[in-house]
Every structure is written in C-alpha cells, then in structure tokens.
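Some notes on the structure that comes next.
As a basis for the values below, the full set of heavy atoms in this structure was taken, side chains included, without hydrogen atoms, waters or symmetry mates.
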Amino acid sequence: MNRIIAVFCSLLVLLGCSPQVDNDELERLVGQKLMLDFRYFCADGTPSEECKSAVTELPPELAEVLRDGQIGGVILFADNLIEAPQIVRLIDAMQKVMRDAGLPPLFIAIDQEGGRVARLPEQVDVRFAGNMALGASYAADAEQGQQLTLDVASGMAQVLHDLGFNLNFAPTVDVNVNPDNPVINVRSYGESPQMVAELGQLTVAAMQQQGVMSALKHFPGHGDTSVDSHTGLPRVDHDRATIAAVDLLPFAYSINSPEPPAMIMTAHIQYPQLDDSTFVATDGTETILPATMSRKILSGVLREELNYQGVIVTDALDMAGIAHYFDEVDATLQTFRAGADIALMPYTIRNPADIAAFWNFHAQVIAGARDLDATELRASAARIAALKTDYQLSETMDLDARLATTVALPRASNVALEDKLANAAVTTVFGHTALPLQASHWHFVMPDTLRCEAAQQVLHQQRPELTSSCTSLARLPGAPEQQWPADSAIIVGDITPHHSLVEMGGMDDLASWRERPSKAEQHAWLQETLSMAREQQLPTVFVALRAPYVIGDFRELATAAVATYDYSAAIADNGRVRSASINALITTLLTGQAAGQLPVSVD
C-alpha cells in the first residue's frame, strides 16, 4: 500500500498536477511532517538553556502542542525514560491526545542502536555490544555473525514494541573507513561495504518483522569524516565511483531487498561530488549545501537513482551541522524543498515562552510551505500516512495489557544474548602467545571507577584466588607507579574517543569529569606506565574498549592487545556492576581464547 500511494503521488508530480492547498490542509500537511523532542520542560519559565526538568509525564502544555499542531511524531531520549511502566504511560498519554482529537497516531521514535547509542535504561533492556561487535563476530564466522545480528535486532525490537515505540532510528550503515571518525567508529559494523550492507539489512528486516519501523542512517554516508556533525559540518571528498561502491552500497542493497527500510535518515554532511551547490549561511559565508538540504542528493540520488519509495527523515535539525548555518524556519523549509518528508527536531521547546515562539515558527513554516509544490507536499503526506497505516499505528494495545508485558523486563533471553555477543566479539589483536595471563596479581588501569569496579568484580568472581588493584583515570594520577609486585600483570583499558559523564555510571563526580585529562594526556601517562612495566619484565595488555584503531599507538609497549568494541557497564540492583563486555574480556585474559576478528584495519 505504501509503495502504491508513493508511486501514484510521484506520477502526479511528473504530470505537473499541483492543485492549490487550502490553509486547513496546509496546516495538517506541515504538522505531519514535524517530529519534535520533549526532552525537558520547565513550566515555571526557567530559561531554556538552564531547564533540565525531564519530561517523564506529558504536561498539558505539550499535549496542546501535539494536538493543535497536528504533529506527526515525537522522539524520546534517555532523560524521558526512567522505568518500563512510566515509559508505557508516557507514550500512551501522547497517543491518547491524538486519538481523542481524531488525529493520526504519532510516530514514537528512539535511537536504540545498541552499544554506544542506547536510550533505554539498563533495568528495562540490555545495551548489547553494538554494531562493530557484530562485525567482529561476522568477520570470524559469517553465519554466526548473521544469526547474532538477527537475534539482537529482533530482541531489541520486541522490547521497543512492547513499550509502545514504533520507530527506531537504526541501524547505522555508515562504512567506517576513517580511523579518526569521532562520531561513527564502533557504531559502524566495519569497513567492508558488503558486510555493512548485509548486516544492516538483516537488522532492518528483523526489526520491521517485530512491528518496529527501521530508519537506515546516515544517508549518503558518514563513514569517512573526521568532524562530528553534532558540532560542525563534515565533508566527504570521495569521487563518484567510490561513493557508489562504498558509501551508497548499503543503502542501495537495503532499498532493493524484499524488506526495504521504512525510513532513511539524512546526514548533515557535504558531498561535493554529488552536489557542489552553495548557499549563504547565517553568518554570511558561502558554504556547500549539506545532504539534508540538497535536492540533488535527496530527490536526485535517493529518490531517482536509488528508487527509494519510503519516507525520508532528517537527522536532528538542532545539530550544529545545520543550526550554525540556517535558522529554524529556513532549515525546515529547505529540507522540505530538498525532498525530506519529516523534519526531525526542527524547534526546541523547553518552557512556555518557547511554546509561544514555536507557534511563530509554525506559522512561518506554513506560510513558506505555500510556495512549495502542492503535489509534492501531498505525496509526502501520503507516504507518511501510508506508513502509519502499514504498521497499524491506530491499533494500539490496551494500556493494562501493555503494562503487563513490562513485568518480565529486562528479558532473560536478551541478557543471555548480550553475553553471547560480547563473547563472540572479543578479539585478540596481537600477542596471542602472551595469553592466558599467569600472574597472581592483576593491576588494572581503567578510564573510570565504574570500569575499575567491573574488572575487579569479574576477576574475583572467576578466579577468587587472584588479587587485583585498579587505577582510575577519571582524574589523571601523579607519576605512574614505580614498582608492582613481582608476579603482576598490567591491564590497561582505554576508551577512545572519550565517553560521556553519564557513561561513567555516577561513580565519579562532575568535578572529575570536568577535570578529566585529554586523550593525549591520558595516552602519554599510559605509555609511561607501560614502559615502566616492560622494564620490570611484567606482562602488559592494552585493551581497546571502544574503537580498536588506538591499538597501533601502543604496539611497541604492550605484550598483547585485545579489542572489545564496547565498554558498557551498569550497577545492578544488588549493587554489583554488570558488564558483558568486561566479563568477556576477563575470560579471554584467563583462557587465552578470543572468538572475534577485527572488522576494520588497525595499523
């Protein structure tokens, strides 16, 4: 049905049929093309930049925005999600607003990629180790990697569906060919376009078969950048042949599959070989159009060349890759002109004053939309409506029934699957003969206290006769230790790029995070520590807990190197720290057995 409507509307465009849109219809069309975030809201008027009151229940002011704006969708973040019954009630309250007003149901979206990007709290679902871990399992055993990918995507989607989510902004199918990529790295399956394409499409199919729409991202590819589009505007200078063979291949593969993605998300990224058109930014500088704003890329490449018939959604328009160059109204209208169906997070609402300003933004977008092609607008709205019909968003489960499904969360099957993936992914990069470690005392150097606790607890659990100690790098210690016990092993864990404060698990305070040394300072300290250990002829292991590329910097100093692709850890109800990846790491160090293989090249 979705494809039939999309093809019909496309024919109208080609035939030049553009009957005029009246005001009521225009308001409805524009509203359905907006997806808002309600991360924080301060009803007392706290300034937007200071408001940190998380929206965990739907306030009447935001319900009014949904209803009166005839909004098409909402994205929820970790701040909105506390525990399972609360999540169910929040989503149900949003959908009820639309049902009671006789409006289309909402897309309820989340970024639940697994690993580095996961919004659900640990007591609701596990994080899994993420895409590069799946790539490492596939590189070692393709059949195993495919099955794990299907199982992880299916297990993740089942939980999302039970909670009330119907759209997941996943998977990431950027082909990570740049070791310095600050934002993708382990969010990618690896550097092989074919592997990324296969695993990405398995994820799409598995999620959508569970009733959760997949949004493939970030088109036309974010894998070869050294700038994070959250903070700047990246640029890819691949030639046209490379773009087709690397960047576009996973998208084309999925589009041409029996189960194409319901949505594709755009990237705020310049591709001059696809479109070298320029615009004048808000600061007066002339800049190449990013893909999100490019008609040549969204309508030309994605719609016409790749024949994508589904819904195009932008990446968040409040990211610096857009917000530093366009104001909110211009950004929204420009991406609609380019061919995007949904503008994600086009306007930030944090207090009542923001709501008043939002209605001004809303009015300006509607006024500007009058100059857009009417048939294209209707075709876009038809794609959105067809998708909501295809996924039966109007047929919502009874609230009590949905609440009953949350009793068993997190699912025991997902907990076991998280462990299985971590064990299948862990990789010995070099120094195989140095493992298993035979030392009676293990000294860990970890990025923070949470990882220290996890490593020591797991070691004690698996081998209680061994002793351990740990140095946290949340704050840079003084000079490295000059002497360790004679029968010691030194295990250094590193997260590159840095992780965030929330990922430190609350065991290190805000001051520690603010005073956290740079990566260069940390690595200089680690290199000195490893050099001293080598001088004492102690076995040393360097562990890449995130992107494995950093291993090359320690090749001459470590006896062995291991990659886990994941550093997730959380404090369980019993006060102990649970980390599937660190558990798999300790097992490898004790047994010398590692199942994974690198899915990227490490120098």
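Checked against salt bridge (charged side-chain N to carboxylate O under 4.0 Å, His left out), R534 has no partners two or more places apart in sequence or in another chain. A search for side-chain hydrogen bond (donor to acceptor under 3.5 Å, both in side chains) contacts involving H460 returns nothing, not counting sequence neighbours. Take D125 and apply the side-chain hydrogen bond (donor to acceptor under 3.5 Å, both in side chains) test, not counting sequence neighbours, and it matches N414. Partners of K52 by salt bridge (charged side-chain N to carboxylate O under 4.0 Å, His left out), not counting sequence neighbours: none found. Legend: residues meeting side-chain contact (heavy atoms from CB on, under 4.5 Å) with Q123, ordered by chain and number and at least two apart, are P121. By the side-chain contact (heavy atoms from CB on, under 4.5 Å) test, T203 is found to be paired with T149, A153, P171, Y189, M207, residues two or more places apart in sequence or in another chain being considered. In terms of the salt bridge (charged side-chain N to carboxylate O under 4.0 Å, His left out) criterion, residue partners of R235 (sequence neighbours excluded) are, by chain and number, D237. In this structure, D79 has no salt bridge (charged side-chain N to carboxylate O under 4.0 Å, His left out) partners at least two apart in sequence or on a different chain.
Comment: R411 engages D162 in a salt bridge, judged by a side-chain N to carboxylate O separation of less than 4.0 angstrom. Using a cutoff of 4.0 Å between basic side-chain nitrogens and carboxylate oxygens, R578 and E418 are scored as salt-bridged. The existence of a salt bridge linking E465 and R463 is confirmed by a sub-4.0 Å separation between a basic side-chain nitrogen and an acidic carboxylate oxygen.
Checking side-chain atoms of N181 against main-chain N and O of H222 turns up a donor-acceptor pair under 3.5 Å. Here the side chain of T428 pairs no donor or acceptor atom with the backbone of F430 at under 3.5 angstrom.
Pairs of residues two or more places apart, or lying in two chains, that qualify as disulfide (SG to SG under 2.5 Å) and include a residue from residues 423-488 are C452-C470. Residue pairs meeting the salt bridge (Lys or Arg N to Asp or Glu O under 4.0 Å) criterion with at least one member in residues 182-206, sequence neighbours excluded: E113-R187. Judged as a side chain to side chain donor-acceptor pair (under 3.5 Å), the pairs with a partner in residues 551-560 (not counting sequence neighbours) are, in order, T540-T559. Applying the disulfide (SG to SG under 2.5 Å) rule to pairs touching residues 571-603 yields nothing, sequence neighbours excluded.
The side-chain heavy atoms of I491 and V543, taken from C-beta on, include a pair separated by under 4.5 Å.
Using cut-offs of 30° and 60° on the angle between ring planes, the pair F542 and F554 is parallel.
The minimum heavy-atom distance linking V562 with L589 is given by the pair CG2-CD2, 4.2 Å. Across G115 and D566, no two heavy atoms sit closer than the pair CA-OD1, 4.1 Å.
In the model, Y565 has a side-chain atom that pairs as donor or acceptor with a side-chain atom of T427 under 3.5 Å.
Counting non-hydrogen atoms of neighbouring residues, nucleotides and ligands closer than 6.0 angstrom, the CG atom of D239 exceeds 12 such neighbours.
Within the cation-pi definition used here (under 6.0 Å to the ring centroid, within 45° of the axis), R39 qualifies as a partner of F77.
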